[in-house]
Amino acid sequence: MANLKVINEKKLKDWAKEIFKKNSFNMIDVSSKKETFRRALASGRIYVGKEVFNLIRNKEMPKGDPITLAEVSAILGVKKTSELIPLCHPLPIDHTATKIIMHEDDSSLEVFCVVSAVAKTGVEMEAIMGVNAALITIYDLSKIVNPHLRIDNVKLLIKEGGKSGLWINPDGLPEFLKDIF
């Protein structure tokens with residue numbers, strides 16, 4: 001005990017921050033944050049053309065039903081986000097759901113993905129990754145019929161929880177959400 005040194009708490013620095021703060025990538029330190037309910041909704045769209053649109057609607061696609069497989073892919077995308085995006089924290093996902101709406105007027109499919117968790121950081125990236133996984137799956141299953149496909153307008157629509165509370169995309173929400181918010 002003779003070698004025990006008492007350090008004044010005011011002089012004590014976070015040595016980890018001092019060592020690693022410059023010239024390197026790092027995950028945001030959320031260790032001192034409290035876990036709160038977090039939820040995010042993202043969307044995106046793929047334009048497939050009339051032929052593919054009609055084949056999807058009639059369940060006649062050569063490689064199988066893109067909508068069903070895209071919904072499964074969205075779940076996998078949500079769960080694997082921290083493995084694919086280098087600085088994302090792995091999160092304990094409590095819920096995710098995907099909705100795909102077919103728009104005949106422009107031969108597009110619009111994907112919505114909601115994710116929720118009780119965590120120290122938000123689930124926005126997970127929702128966006130779910131949308132992208134679904135869109136890319138639809139692309140993969142549709143390119144055999146029409147390789148001229150376009151993925152567009154992937155965005156965060158709503159996020160809630162944490163210090164900043166509720167955020168709604170200032171560009172507006174889809175019609176089915178306008179009555180809620």
Side-chain angles (χ1 to χ4, degrees), residues 25-48 53 56-57 59 61 63-104 106 108-142 149-181:
F25 295 103
N26 56 68
M27 293 174 82
I28 298 299
D29 184 358
V30 297
S31 57
S32 63
K33 292 175 88 178
K34 293 196 184 319
E35 290 184 340
T36 61
F37 177 74
R38 313 291 186 125
R39 184 167 37 197
L41 174 67
S43 69
R45 199 178 277 234
I46 184 168
Y47 298 86
V48 296
F53 186 88
I56 292 172
R57 180 176 47 203
K59 304 223 184 278
M61 287 294 284
K63 292 171 82 175
D65 178 21
I67 292 177
T68 302
L69 195 54
E71 290 172 349
V72 173
S73 293
I75 295 168
L76 292 173
V78 166
K79 292 167 69 174
K80 299 281 188 181
T81 300
S82 67
E83 294 177 34
L84 297 170
I85 308 300
L87 301 180
C88 278
H89 293 83
L91 297 176
I93 303 301
D94 293 322
H95 175 257
T96 186
T98 304
K99 174 83 174 158
I100 300 174
I101 299 173
M102 296 183 71
H103 298 283
E104 189 169 11
D106 60 4
S108 71
L109 287 80
E110 190 172 19
V111 176
F112 296 90
C113 182
V114 65
V115 178
S116 64
V118 175
K120 294 180 177 190
T121 188
V123 290
E124 300 92 332
M125 293 307 298
E126 287 75 9
I128 290 168
M129 185 62 78
V131 166
N132 278 297
L135 291 168
I136 292 168
T137 297
I138 295 167
Y139 191 106
D140 181 48
L141 296 178
S142 301
L149 306 165
R150 180 171 47 103
I151 293 174
D152 194 15
N153 209 19
V154 175
K155 62 186 173 185
L156 181 66
L157 295 173
I158 301 169
K159 75 178 195 104
E160 64 179 312
K163 193 170 40 174
S164 58
L166 180 66
W167 179 86
I168 297 173
N169 190 307
D171 292 337
L173 296 174
E175 285 300 318
F176 71 89
L177 287 173
K178 288 185 179 176
D179 293 338
I180 299 170
F181 291 95

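Just so we're clear, the structure is a prediction, and the values are computed from it rather than from any experiment. Count residues from 1 along the sequence.
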J.: Could you pull out the closest heavy-atom pair between Gly64 and Pro66, with the gap in Å?
T.: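 Heavy atoms of Gly64 and Pro66 come nearest at O-CD, 3.0 Å.
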J.: Distance-only, no hydrogens or angles: does the Asp152 side chain make a donor-acceptor pair with backbone N or O of Arg45 under 3.5 Å?
T.: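 No, because the side chain of Asp152 does not come within donor-acceptor range (under 3.5 Å) of the backbone of Arg45.
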J.: Using side-chain heavy atoms (C-beta onward) and a distance below 4.5 Å, is Asp140 in contact with Lys63?
T.: yes
J.: Apply ring-ring contact (aromatic ring centres under 6.0 Å, His included) to Phe112 and list each qualifying residue two or more places apart in sequence or on a separate chain.
T.: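 Result, ring-ring contact (aromatic ring centres under 6.0 Å, His included) vs Phe112: Phe176.
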J.: Is Thr137 close to Glu71 at the side-chain level, that is, under 4.5 Å between some pair of heavy atoms?
T.: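 Counting from C-beta outward, Glu71 and Thr137 never come under 4.5 Å.
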J.: Taking all non-hydrogen atoms of both residues, which atom of Ser142 and which atom of Val48 are closest, and how far apart?
T.: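 Minimum heavy-atom separation between Ser142 and Val48: OG-CG1, 4.4 Å.
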J.: Just verifying a value: how many Å separate Leu41 CG and Leu157 CG, rounded to the nearest 0.5 Å?
T.: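 With rounding to 0.5 Å, CG (Leu41) is 4.5 Å from CG (Leu157).
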J.: Output, in order, the C-alpha distance, side-chain angles, deciding distance and verdict of side-chain contact (heavy atoms from CB on, under 4.5 Å) for Ile158 and Leu177.
T.: CA-CA 10 Å; Ile158 301 169; Leu177 287 173; 4.2 Å; yes
J.: Looking at every non-hydrogen atom in both residues, tell me the closest pair between Tyr47 and Ser108 and how far apart they are.
T.: CD2-CB, 3.6 Å
J.: Measure the CD1-CG distance between Ile138 and Leu69 for me, rounded to the nearest 0.5 Å.
T.: 9.5 Å
J.: Would a 4.5 Å heavy-atom cut-off, applied to side chains only, mark Thr98 and Val78 as touching?
T.: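 The answer is no, as the side chains (C-beta and beyond) never meet within the 4.5 Å cut-off.
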J.: More than 12 non-hydrogen atoms from neighbouring residues, nucleotides or ligands closer than 6.0 Å to NE2 on His103, yes or no?
T.: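 For His103, atom NE2 is crowded (more than 12 foreign heavy atoms under 6.0 Å).
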J.: Output the distance between atom CE (Met61) and atom CD1 (Ile56), rounded to the nearest 0.5 Å.
T.: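 The CD1 atom of Ile56 is 5.0 Å from CE of Met61, to the nearest 0.5 Å.
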J.: Find the distance between CZ (Arg38) and CD1 (Ile93) and round it off to the nearest 0.5 Å.
T.: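 Rounded to the nearest 0.5 Å, the CZ-CD1 separation comes out at 12.0 Å.
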J.: Output every pair passing salt bridge (charged side-chain N to carboxylate O under 4.0 Å, His left out) with a member in residues 163-177, not counting sequence neighbours, ordered by first then second residue.
T.: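 The answer is Glu175-Lys178.
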J.: Is there side-chain contact between His89 and Ile28, with at least one heavy-atom pair below 4.5 Å?
T.: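 Side chain of His89 against side chain of Ile28, heavy atoms only: contact under 4.5 Å found.
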J.: Are Ser82 and Leu91 close enough, and set up right, to give a side-chain contact (heavy atoms from CB on, under 4.5 Å), and what steps lead you there?
T.: CA-CA 8 Å; Ser82 67; Leu91 297 176; over 6 Å; no
J.: If you measure from CG on Leu156 to OG on Ser43, what distance do you get to the nearest 0.5 Å?
T.: 9.0 Å
J.: Using residues 116-135 as the side-chain source, report each donor-acceptor pair under 3.5 Å to any protein atom, sequence neighbours left out, with the distance given to one decimal.
T.:
unit_1, atom_1, unit_2, atom_2, d
Lys120, NZ, Ser31, O, 3.1
Glu124, OE2, Lys159, NZ, 3.2
Asn132, ND2, Ile128, O, 3.0

J.: Minimum heavy-atom separation for Gly161 to Thr36, with atom names?
T.: C-OG1, 4.4 Å
J.: Within the distance-only criterion (no hydrogens, no angle test), does the side chain of Thr81 pair as donor or acceptor with the backbone N or O of Gly77 below 3.5 angstrom?
T.: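 Side chain of Thr81 to backbone of Gly77, a donor-acceptor pair under 3.5 Å: yes, one is there.
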